[in-house]
Amino acid sequence: MTARTHPDVALPPEFFDRDPRRVARDLLGKLLIRRQGRQTLIARVVETEAYLGKNDPAAHSASGRTARNEVIFGPPGFAYVYFIYGNHYCLNVSCLPDGEAGGVLFRAVEPITGITAMAKARDLPESSCHRLTNGPGKLTEALSITRADNGVNLTDRTESLYLAEDNFPRPRIAATPRIGISKATALKLRYLIPNNPFVSKP
DNA sequence: GAGGAGATCGTCT
DNA sequence: GACGATCTCCTCT
């Protein structure tokens with residue numbers, strides 16, 4: 001895909017000051033930017049999941065505010081990164097006003113710029129491009145996202161990690177049940193771009 | 001290609 | 001002390 005990208009226009013805080021379901025849908029097609037020294041890695045968001053603060057047993061915020069989930073109770077547009085299964089990091093962005101819990105999990109992105117660096121971070125050949133970022137644990141590894149990025153302001157383009165606008169045409173969107181959880185599995189809160197080869201599972 | 005089990009550790013009970 | 005918003009490898013088809 002060779003659409004012209006516009007990584008200099010960060011998404012504003014207001015974009016995230018809404019219901020996570022709206023934010024999760026609207027994030028599809030947007031850009032995730034990672035600066036590594038002189039290099040800039042760019043990826044397009046193709047799959048997300050919404051996690052609601054209230055009435056969502058599957059969300060980390062369900063059992064109340066703790067040191068770990070502090071960020072998703074805070075102001076909108078900040079990175080919530082957590083460590084899971086002893087191996088992997090997952091990237092979320094906080095939604096709703098300060099004091100209200102809610103967030104969006106990034107499940108898959110499409111590499112656009114810096115594929116060589118992403119492949120190196122994943123310890124995979126560039127030829128397996130479609131396997132670099134098609135999963136929440138994979139995309140954080142490809143973009144070298146760790147606990148150090150927890151609490152980063154994703155609406156600030158001077159940060160080393162942020163989200164950007166793009167002129168990508170508004171994609172068609174499909175909603176399915178969320179993946180990898182055991183609670184509230186009936187809710188269709190997973191959003192993806194149908195037929196995009198970089199989503200985690202069809 | 002599908003299905004299953006193990007790895008591995010921070011967080012909360 | 002149990003479990004988890006996952007991934008990879010191994011086996012079988």
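Numbers restart at 1 for each chain; the letters A, B, ... are given by sequence-line order, proteins then strands.
For the pair N196(A) (side chain) and I193(A) (backbone), a donor-acceptor distance under 3.5 Å is absent. Listed for the R34(A) side chain is a donor-acceptor partner under 3.5 Å among the backbone atoms of L143(A). Formation of a donor-acceptor pair under 3.5 Å by the N69(A) side chain with backbone atoms of T66(A) is found in this model.
For DNA chain B, the residues of residues 68-91 of chain A within the heavy-atom distance limit of 4.0 Å (strictly under) are R68(A), F83(A), Y85(A), G86(A), N87(A), sorted by number. Residues from residues 138-153 of chain A lying near DNA chain B, meaning a heavy-atom separation below 4.0 Å, are R147(A) in numerical order.
The stretch residues 124-136 of chain A participates, sequence neighbours left out, in no salt bridge (charged side-chain N to carboxylate O under 4.0 Å, His left out) pair at all.
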Name each donor-acceptor pair under 3.5 Å that joins a side chain in residues 75-89 of chain A to protein atoms two or more places apart or in another chain, with its distance.
| residue | atom | partner | partner atom | Å |
| --- | --- | --- | --- | --- |
| Y80(A) | OH | H60(A) | ND1 | 2.8 |
| N87(A) | ND2 | Y85(A) | O | 3.3 |

Quick one, F73(A) with S61(A), criterion side-chain contact (heavy atoms from CB on, under 4.5 Å). Give me CA distance, side-chain angles, the key distance, then yes/no.
CA-CA 8 Å; F73(A) 284 86; S61(A) 52; 3.6 Å; yes

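Residues passing the side-chain contact (heavy atoms from CB on, under 4.5 Å) test with P97(A) are D17(A), E100(A), sequence neighbours excluded. Partners of E141(A) by side-chain contact (heavy atoms from CB on, under 4.5 Å), not counting sequence neighbours, listed by chain and number: R122(A). Partners of R25(A) under the side-chain contact (heavy atoms from CB on, under 4.5 Å) rule, at least two apart in sequence or in another chain, are R22(A), I173(A), Y191(A). Remark: A121(A) pairs with S144(A) by the side-chain contact (heavy atoms from CB on, under 4.5 Å) rule, at least two apart or across chains. Here R68(A) pairs with nothing under the side chain to side chain donor-acceptor pair (under 3.5 Å) rule; sequence neighbours left out.
R107(A) comes within contact range of the sugar-phosphate backbone alone, with a heavy-atom separation under 4.0 Å but no base atom that close. R122(A) comes within 4.0 angstrom of sugar-phosphate atoms only, judged by non-hydrogen atoms across all strands, and of no base.
The pair R170(A)-D26(A) meets the salt-bridge criterion, with a side-chain N (NZ, NE, NH1 or NH2) lying under 4.0 Å from an Asp/Glu carboxylate O. Here D166(A) pairs with R44(A) in a salt bridge; the nearest charged N to carboxylate O distance falls below 4.0 Å.
Along DNA chain C, read 5' to 3', the first and last nucleotides having any atom under 4.0 Å from a heavy atom of chain A are dG4(C) to dT8(C). First and last contacting nucleotides of DNA chain B toward chain A (any atom under 4.0 angstrom from a heavy atom, 5' to 3' order): dA7(B) to dC12(B).
Scanning all heavy atoms of the two residues, the minimum distance from L32(A) to L161(A) falls at CD1-CD1, 4.0 Å.
Between S182(A) and N134(A), the residue anchored nearer the 5' end of DNA chain C, judged by the nucleotide with its closest heavy atom, is S182(A).
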Tell me, what's DNA chain B's dot-bracket, Watson-Crick or G-U with both distances under 3.5 Å, | for other-strand, [ ] crossing?
|||||||.||||.

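In this structure, R18(A) fails the cation-pi test against F16(A), since its NZ or CZ atom is not both closer than 6.0 Å to the six-membered ring centre and inside 45 degrees of the ring normal.
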